[in-house]
K.L.:
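Below is one structure. I have some questions about it.
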Amino acid sequence: MTLKDRDKKHLWHPLTQHKLHPNTIAITKAKGCVLTDEDGNDYIDAIASWYTSMFGHCNPFITNRVAAQMQQLDQIVFSGFTHEPAIKLSETLITILPENQNKIFFSDNGSTAVDVAIKMALQFHFNQGEKRNTLIAFEDGFHGDTFGAMSVSGLSVYNGPFEDFFLDVKRIPTPNGDNHEYILKTLKTITANHKIAGFIYEPLVQGAAAMKMHDASGLEMILQFCKTHNIVTIADEVMTGFGKTGKHFASLYLKTKPDIMCLSKALTAGLMPMAITSCVQKIYDAFYSDDISKGLFHGHTYSANPLACTAALASIELLQLEETQNNILRVISAHNDFNERIKHHPKVKSTRQLGIIFALDLNVDMERYGNLRDRLFKFFMSKGVFLRPLGNTIYIQAPYVITQEQLEKIYKTIEESLAII
Ligand SMILES: *Cc1c(COP(=O)(O)O)cnc(C)c1O
């Protein structure tokens with residue numbers, strides 16, 4: 001029996017309606033930018049397996065470090081104990097994060113990093129004797145699938161069964177250059193009628209909203225407003241972190257730095273699940289007390305797992321290499337050239353790019369969209385390219401180590417795909 005068939009017996013996949021999509025593809029090997037399935041077909045991983053494997057799959061620099069750490073210390077309770085990989089990771093991160101970040105808190109994935117950030121924001125006010133129970137978020141944001149993270153995400157058609165249990169969240173549109181005044185007015189109305197604890201946002205690029213990009217000056221205005229109203233700002237950089245936007249973090253494009261940051265995905269370069277919620281000293285200080293109940297009583301069994309910390313350290317070391325920074329510049333420039341080639345194509349409505357993130361919207365009516373997404377996905381896979389269109393958007397977020405030849409194959413495949421729509 002093939003893996004594909006055995007899979008059907010006991011497995012339940014994420015984000016999948018199994019009746020409509022019964023078939024999976026079994027991957028047996030991943031090396032560099034190439035995935036291999038059980039039939040021996042190769043696919044270029046043009047989305048770095050959900051933006052994680054930015055240094056290529058099974059990168060020996062990282063796997064060797066993790067293998068060595070495995071012989072030394074595998075796992076230890078992180079309450080009351082500590083270890084070199086976690087300490088070194090905190091020291092290293094502080095040197096590359098925006099300069100106001102000062103404390104590092106560990107969890108397991110992007111959603112938990114967001115839940116921790118929300119708890120920090122709510123308890124920050126609570127510990128100071130103030131009950132602020134409402135959060136602000138962008139209308140079309142995505143922050144994960146646990147309850148807190150789901151609550152602050154833009155309302156999804158899939159959230160029906162849970163909506164009654166969500167946190168209280170007020171939503172504002174993303175700034176587009178024309179709506180600054182409207183946003184400011186909305187913020188004033190919300191803050192006049194509710195006690196706002198925090199504002200959570202994906203800085204500059206919203207991944208799940210199909211790489212929707214927004215204007216930095218508008219975000220700057222919102223962050224300034226939050227500062228003056230003592231609203232805790234939370235930058236969810238789970239997707240944008242570690243070089244994707246052309247800087248180590250998207251927040252480095254902004255003058256106003258966040259109070260809290262959420263990191264995951266490329267943090268461990270695709271090797272291990274781990275996440276970090278970092279914060280400024282002021283947040284930490286609000287929990288520092290003789291009163292035990294003012295502490296942050298949140299923890300996970302695998303918090304700061306030494307193997308995951310080691311993977312993160314190795315990957316940050318790679319990120320800082322001149323070779324990697326040159327690769328990022330090379331991919332940015334290749335995307336620029338591709339953009340010139342494709343932006344006037346009649347089937348292309350618009351294109352956008354920040355750093356190595358490139359997206360194009362197809363010129364199709366969403367009502368008549370039908371199964372186009374599935375047809376496009378199948379077309380890409382049949383050509384040996386793993387791309388995962390979102391709605392009417394095709395986007396590329398390939399590993400930094402992708403070759404020019406592999407990039408050209410991705411571009412060519414996208415161009416060919418326009419013929420089937
Ligand atoms: C993926 C993602 C999350 C959720 O991370 P998981 O590890 O899938 O729980 C949260 N925020 C953003 C911006 C993401 O892209």
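All ligand and atom numbering here is 1-based and tracks the order in the structure.
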K.L.:
For ligand 1, output the ligand-protein N/O contacts shorter than 3.5 angstrom; if there are none, return none.
P.N.:
unit_1	atom_1	unit_2	atom_2	d
ligand 1	5 (O)	Gly110	N	3.4
ligand 1	7 (O)	Gly110	N	2.8
ligand 1	9 (O)	Asn109	OD1	3.3
ligand 1	9 (O)	Ser111	N	3.0
ligand 1	9 (O)	Ser111	OG	2.6
ligand 1	11 (N)	Asp236	OD1	3.4
ligand 1	11 (N)	Asp236	OD2	2.7
ligand 1	15 (O)	Lys265	NZ	2.6

K.L.:
Closest heavy-atom contact between Lys170 and Asp168?
P.N.:
NZ-OD1, 3.4 Å
K.L.:
Please answer whether the main-chain N or O of Thr52 pairs with a side-chain N or O of Ser49 as donor and acceptor at a distance below 3.5 Å.
P.N.:
no
K.L.:
What is the minimum heavy-atom distance between Lys31 and Cys58, and which atoms define it?
P.N.:
NZ-O, 3.1 Å
K.L.:
Under 3.5 Å, side-chain donor or acceptor atoms of residues 233-241 against the rest of the protein: list the pairs with distances, not counting sequence neighbours.
P.N.:
unit_1	atom_1	unit_2	atom_2	d
Thr233	OG1	Asp259	N	3.0
Thr233	OG1	Asp259	OD2	3.2
Asp236	OD1	Val238	N	3.0
Asp236	OD2	His143	ND1	2.8
Glu237	OE1	Thr240	OG1	3.0
Glu237	OE1	Ala250	N	2.8
Glu237	OE2	Ala250	N	3.3
Glu237	OE2	Ser251	N	2.7
Glu237	OE2	Ser251	OG	2.6

K.L.:
Can you sort out the partners of His83 under ring-ring contact (aromatic ring centres under 6.0 Å, His included), two or more places apart, ordered by chain and number?
P.N.:
Phe78
K.L.:
Could you list the donor-acceptor pairs under 3.5 angstrom formed by side chains in residues 86-99, with sequence neighbours left out?
P.N.:
unit_1	atom_1	unit_2	atom_2	d
Ser90	OG	Ile87	O	2.6
Thr92	OG1	Lys88	O	2.7
Thr95	OG1	Thr92	O	2.5

